[in-house]
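The chains referred to below are lettered A, B, ... by the order of the sequence lines, with proteins before strands, and numbering in each begins at 1.
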Amino acid sequence: MAEKKVSNAEIASTLFEIADLLELKGVAFKPRAYRSAAQTIEALGEDITDIAERGELEEIAGVGESIAGKIRTVIDQGNLPYLDRLREDMPEGVRELMELEGIGPKKALFLHRKLGISGIDDLEVAAKKEKVRELEGFATTSEQHILDAIEVWKERHERFLLGYILHDAEAIERKLREHDAVKKACLAGSIRRRRETVGDADILVATDEPETVSHFFCSLPEARRVVMEGPKRCTIVVARNLHVDLRVIEEEQFGAALQYFTGSKAHNITLRKRALDHDWKLSEYGLATRDGGDIVAREHEEEIYEALGLAFIPPELRENRGEIEAAEEGTLPALIEYGDLWGDLHAHTKWSDGAHSVREMAEAARDRGWEYLIISDHSGGLAIAHGLSEGDIRTQGKEIEKVNRELEDITVLQGIEANVDKDGTIDVKKSILRDLDFVVGSVHSGFKMTEKEMTERVVTAIHQDHLNMIGHPTGRLIQKREPYALDLDAVFEEAASVGVLLEINAFPTRLDLSDIHCRRAHDAGVMLGISTDAHDTDHLRFLDLGVAVARRGWLEAGDVINTRSLDELRAWLKQ
DNA sequence: GCCGTTTTCGGCCCGACTGTTTTCAGTCG
């Protein structure tokens with residue numbers, strides 16, 4: 001009973017490893033099949049163990065009899081003899097070599113065979129001893145590239161948090177757009193889809209002067225290094241070691257190229273197959289007849305989707321999670337828009353661990369055009385964050401009243417981010433909570449409870465008097481801390497029936513609930529609230545990241561409480 | 001290994017850039 005559930009990520013990782021090892025062995029086509037299945041499973045909105053329990057593994061796209069059998073083995077036994085055998089044939093570190101930019105299965109195996117290299121450490125030693133340049137097909141340039149790639153690999157194990165690189169990427173996009181020779185410029189790739197983490201930045205430009213624009217791009221002051229420079233493709237490295245790719249195309253192909261380079265890969269492969277059904281082919285140059293003679297559509301993305309019999313699919317949905325079927329049936333959601341929010345539900349001030357005063361936060365919110373800002377500082381139980389005592393809460397209330405008297409065009413509400421104790425109760429007296437405008441309950445300690453205990457804790461919290469919202473419901477920190485064990489479906493059901501909000505915390509390291517969770521929460525009838533958890537006036541800009549999560553989670557404006565005006569919000573809170 | 005109103009067998013997405021090559025393989029996205 002207490003055994004750990006195998007996660008979708010673990011299954012995907014197993015399948016990816018099989019794909020790599022088969023590729024190293026020179027096996028044809030199978031690697032693609034394993035990779036395709038892995039990608040689908042990685043993005044599933046449901047636990048694969050549940051699907052396996054229902055005996056429906058083979059209904060997953062790309063999973064057939066053989067892969068389903070291997071998944072069942074991993075779930076039942078916790079290991080996979082088939083993978084163990086593959087590993088025996090291939091030294092551990094050879095696969096690691098493929099993590100280097102420019103090294104694929106052929107070169108990895110070649111290096112292993114010729115120099116006995118079985119790991120990135122080995123390769124670094126060999127390259128420094130100038131052994132690599134002596135190999136057939138390699139020379140000094142290749143050797144240097146390997147050393148460069150090793151440096152990048154050492155510094156960059158992780159993907160970038162969207163919220164931390166979006167601003168820089170948009171700045172480069174803007175510079176390109178303002179260049180005289182550039183007709184159109186747009187961020188593409190996972191940034192345009194607003195994935196929570198991104199591997200690199202892709203920017204697309206339309207121009208009649210490719211060399212001019214490419215050279216301008218590679219000469220940007222932000223460029224610390226130029227990886228590659230061609231008339232159609234360039235790559236530079238900017239701050240934080242972020243790789244920025246530029247694609248240069250002609251204006252009439254902009255729509256096709258934007259569609260292609262926005263991805264996701266899985267979405268595009270499905271679209272390409274759909275094009276083949278019409279006896280067309282889809283590439284970055286357009287939707288065309290199979291011989292390439294006649295162009296069907298290419299200037300605007302919308303035309304491509306239309307020609308394929310689909311409603312336009314917003315970039316945030318392009319993950320091959322059912323959006324193509326929905327576009328065909330006309331059942332895509334009318335997504336919440338970036339300008340739809342009237343205010344923020346959760347922000348901190350100097351009263352607890354924030355950097356700015358109530359007034360400074362209020363002015364910053366007003367300058368963003370918001371109608372309201374809910375200040376939800378930490379309660380006393382969180383000493384590390386200078387939580388507020390009962391007396392502090394009263395004094396802060398007076399300060400908020402003063403700010404509201406002095407400032408126009410913004411209303412500050414007094415909330416609190418109270419701690420959910422281990423028994424599920426809130427660490428602030430009801431007599432205090434009663435007088436506050438908004439109460440967020442968050443788990444800030446005791447993360448290591450069992451799933452059953454944690455679920456009881458959160459469900460109990462949902463039933464506490466005056467509670468309005470559960471803050472960052474899973475507690476995860478992206479790439480740093482796993483979510484705590486929690487039966488989210490039980491939480492969704494309870495939150496929906498009691499009418500408590502679940503937060504979409506828009507802070508870049510949290511994004512909690514995540515896109516996939518939002519979709520499940522919505523299906524369970526939960527109302528969501530988007531908030532920044534700002535600890536600084538600058539953090540208020542993260543609200544759009546929360547909207548991005550909501551859009552990726554298929555949410556409409558009506559699913560999110562702060563698409564409502566202050567009067568409507570107050571009315572809802574009184575219910 | 002998966003998949004099928006073109007197929008239960010025979011296909012499997014397409015194009016650019018790089019380096020080391022005399023015409024292309026490997027890698028990437």
Q: Using side-chain hydrogen bond (donor to acceptor under 3.5 Å, both in side chains) as the criterion, list what pairs up with A/R32, not counting sequence neighbours.
A: none
Q: Report which part of the nucleic acid A/I103 touches: base, sugar-phosphate, or nothing (heavy-atom distance under 4.0 Å, all strands).
A: sugar-phosphate
**Q.** Separation between the P atoms of B/dT23 and B/dC28, rounded to whole Å
**A.** 25 Å
Q: For A/P105, report the nucleic acid contact type (base, sugar-phosphate, nothing); a contact means any heavy atom under 4.0 Å.
A: sugar-phosphate
Q: For A/K30, report the nucleic acid contact type (base, sugar-phosphate, nothing); a contact means any heavy atom under 4.0 Å.
A: base
Q: Could you measure between the two C1' atoms, the one in B/dC13 and the one in B/dT27, and give it in whole Å?
A: 16 Å
Q | Under 3.5 Å side-chain donor-acceptor pair for A/S7 and A/E10 | A | yes
(Q) Just to be sure I understand the rule, does A/I18 reach a base, reach only the sugar-phosphate, or reach nothing, if contact means heavy atoms closer than 4.0 Å? (A) nothing
Q | Inter-nucleotide C1' distance (B/dC2, B/dT8), Å rounded | A | 12 Å
Q.
When the P atoms of B/dA25 and B/dT21 are compared, how many Å lie between them, rounded to an integer?
A. 14 Å
(Q) Distance alone, cut at 3.5 Å: any donor-acceptor contact between the side chains of A/E323 and A/H267? (A) yes
Q: Would you mind checking if A/E136 and A/K114 are paired as a salt bridge, meaning a charged N to carboxylate O distance below 4.0 Å?
A: no
Q) So, A/N320 and A/Q39: side-chain donor and acceptor under 3.5 Å apart, yes or no? A) no
Q. Can you tell me how far P in B/dT20 sits from the matching atom in B/dA16, rounded to whole Å?
A. 22 Å
**Q.** Identity of whatever pairs with B/dT8 - Watson-Crick or G-U, under 3.5 angstrom
**A.** none
**Q.** Span of DNA chain B, from the first to the last nucleotide whose atoms fall under 4.0 Å of chain A heavy atoms
**A.** B/dG1 to B/dG29
Q) Between A/K232 and A/K265, which is nearer to the 5' end of DNA chain B once each is assigned its nearest nucleotide? A) A/K265
**Q.** Gap in Å between the two C1' atoms, one belonging to B/dT6 and one to B/dC12, rounded
**A.** 15 Å
Q. Hey, which of these two, A/V63 or A/E143, hits DNA chain B nearer its 5' end, going by closest nucleotide?
A. A/V63
Q) Which part of the nucleic acid, if any, lies within reach of A/Y285 when heavy atoms closer than 4.0 Å are counted: base, sugar-phosphate only, or nothing? A) sugar-phosphate
Q) Crowded around A/Q77 CD? As in, over 12 foreign heavy atoms under 6.0 Å? A) yes
Q | Within 6.0 angstrom of A/K184 NZ, more than 12 heavy atoms from elsewhere | A | yes
Q) How is A/E58 classified with respect to the nucleic acid when contacts are heavy atoms under 4.0 Å: base, sugar-phosphate, or nothing? A) nothing
